[in-house]
Amino acid sequence: MIKQPEELLLLTESGRLLAQVFALLDRIPLEGKSTLEINDMAERFIVDDLQARPASKGQYGYGFVLNSSINEVVCHGIPSQSDVLKAGDIVNLDITLEKNGYIADSSKTYLVGEVHQAARRLVEATHEALWQGIRAVRPGATLGDIGWAIERHAKRNGYSVVRDFCGHGIGREMHEKPDVLHYGKPGTGLTLREGMVFTIEPMLNRGRRSVRTEADGWTVVTRDGSLSAQFEHTVAVTASSVSVLTLRPDEVQRYASL
């Protein structure tokens, strides 16, 4: 689970490139676009402009570059020409990128047009929950510290944490050890060491935490039909703290305040 310095440099480069994909999406009005249009746009940018590989395409038989999870879809939403984003939607775009053999993974929930305050609050709280988890990362801390920080923030804001999915180690493979739960108890679980690289990717529901998978075998939705939001970063444990490898331009100030 410990990455060598030369591996960390390659992972940092993959993360930097993936952040550029989200910077591109940040500049595009999503209202009126289909999720397949967004998928194809991201693929062209990754392949043609960044000279990288969209790592999700072909992984586990998945045929697309990203997951597009709208409103009550928790994760693994499949891009479709018929899924056209409209004002009031929230949509999580989850993208992976491989460069020089190493993979970065990140996701962001976007607000489409004018969004109801309840949805906006959920998205903001989920983003902050991710950062609460990131703030817990340092050598000598534990995975339980991360999960506890996320769950505490979610509960304080009246949201539930999905337990069916978790963060994961990442490197040459998209999913490596360790599993990173988004709930837990302080001081429990694996002790963090310099050189560990993993994702933190909490999913918060406005209702209950229970989810189900639809007939397509991919799309996961809330059982009660409530809204769900997610944010994700790939992080590395440093000698004294944490490095966010997929840091986006709009988060630089937040990162500086860690």
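The first residue in the sequence is number 1, and the count goes up from there.
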Rounded to the nearest 0.5 Å, how far does [atom2] of [Y] lie from [atom1] of [X]?
X: Thr199; Y: Ile103; atom1: OG1; atom2: CD1; value: 12.0 Å
X: Ile200; Y: Thr234; atom1: CD1; atom2: OG1; value: 9.5 Å
X: Ile150; Y: Gln132; atom1: CD1; atom2: CD; value: 9.0 Å
X: Tyr102; Y: Thr12; atom1: OH; atom2: OG1; value: 12.0 Å
X: Asp179; Y: His168; atom1: CG; atom2: NE2; value: 9.0 Å
X: Gln81; Y: Asn39; atom1: CD; atom2: CG; value: 10.5 Å

Decide whether [X] and [Y] are clustered together by the hydrophobic rule: side chain heavy atoms of Ile, Leu, Val, Met, Phe, Trp, Tyr closer than 4.5 Å, transitively.
X: Val242; Y: Leu181; result: no
X: Tyr183; Y: Leu192; result: no
X: Leu66; Y: Ile46; result: yes
X: Leu227; Y: Leu204; result: yes
X: Val91; Y: Leu25; result: yes

Run the numbers on Thr191 and Thr142 for side chain to side chain donor-acceptor pair (under 3.5 Å), then give the verdict. CA-CA 4 Å; Thr191 299; Thr142 68; over 6 Å; no

Could you tell me whether Arg156 and Glu151 have a side-chain N and a carboxylate O separated by less than 4.0 Å? no

Check this for me, if you would: do Arg16 and Glu13 make a salt bridge, where the nitrogen-to-carboxylate-oxygen distance has to be below 4.0 angstrom?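 Judged by the 4.0 Å cut-off on N to carboxylate O distance, Arg16 and Glu13 do form a salt bridge.
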
With distance as the sole criterion, is a donor-acceptor pair present between the side chains of [X] and [Y] under 3.5 Å?
X: Ser69; Y: Asn67; result: no
X: Ser228; Y: Asn205; result: yes
X: His182; Y: Glu201; result: no
X: Thr35; Y: Ser80; result: no
X: Tyr255; Y: His233; result: no
X: Asn92; Y: Ser107; result: yes

Do [X] and [Y] have side-chain heavy atoms sitting under 4.5 Å apart?
X: Val123; Y: His127; result: no
X: Ser106; Y: Phe22; result: yes
X: Val180; Y: Cys166; result: no
X: Val137; Y: Ile146; result: yes
X: Ser14; Y: Asn100; result: no
X: Arg135; Y: Trp131; result: yes
X: Ile90; Y: Asn71; result: yes
X: Cys75; Y: Phe165; result: yes

Heavy-atom donor-acceptor pair, [X] side chain to [Y] backbone, under 3.5 Å:
X: Asp83; Y: Pro79; value: no
X: Asp224; Y: Gly207; value: no
X: Asp89; Y: Lys86; value: yes
X: Glu124; Y: Arg121; value: no
X: Thr222; Y: Ser226; value: yes
X: Ser243; Y: Ala236; value: no
X: Thr126; Y: Gln230; value: no
X: Arg223; Y: Val211; value: yes

Considering residues, nucleotides and ligands other than [X], do more than 12 of their heavy atoms fall under 6.0 Å from its [atom1]?
X: Glu173; atom1: CD; result: no
X: Gln117; atom1: CD; result: yes
X: Arg248; atom1: CZ; result: yes
X: Lys57; atom1: NZ; result: no

Test side chain to side chain contact (heavy atoms under 4.5 Å, CB included) applied to Thr109 and Phe231, step by step: CA-CA 6 Å; Thr109 297; Phe231 283 86; 3.9 Å; yes

Co-members of the apolar cluster containing Val221 [side chain, <4.5 Å]: Val73

Exercise: identify the closest heavy-atom pair between [X] and [Y]:
X: Val115; Y: Arg120; result: CG1-N, 4.0 Å
X: Ala136; Y: Ala141; result: O-CB, 3.4 Å
X: Gly171; Y: Leu11; result: CA-CD2, 4.0 Å
X: Ser56; Y: Thr96; result: OG-OG1, 2.6 Å
X: Asp145; Y: Pro186; result: OD1-CA, 3.2 Å
X: Glu43; Y: Val65; result: CB-CG2, 3.4 Å

With a 6.0 Å cut-off on the ring centroids, do Tyr60 and His76 count as close?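 They do not qualify: ring centres at least 6.0 Å apart.
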
Assess the pair Trp218 and Tyr62: is the distance between their ring centroids shorter than 6.0 Å?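 They qualify: ring centres under 6.0 Å apart.
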
Would Glu31 and Val112 count as a side chain to side chain contact (heavy atoms under 4.5 Å, CB included) here? Give the steps. CA-CA 6 Å; Glu31 186 177 349; Val112 182; 3.8 Å; yes

Can you see whether Tyr159 has Arg206 sitting over its ring - NZ or CZ less than 6.0 Å from the centre and within 45° of the normal?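 The answer is no, since Arg206 fails at least one limit relative to Tyr159.
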
Starting from the C-alpha separation in whole Å, work towards a yes-or-no answer on side chain to side chain contact (heavy atoms under 4.5 Å, CB included) for Ile170 and His175. CA-CA 5 Å; Ile170 191 167; His175 296 111; over 6 Å; no

Pairs flagged by salt bridge (Lys or Arg N to Asp or Glu O under 4.0 Å) wherever residues 97-115 is involved - sequence neighbours left out: Asp26-Lys108, Arg53-Glu98, Lys108-Asp250

Intermediate values then yes/no, side chain to side chain contact (heavy atoms under 4.5 Å, CB included), Val220 and Asp164: CA-CA 10 Å; Val220 177; Asp164 299 64; over 6 Å; no

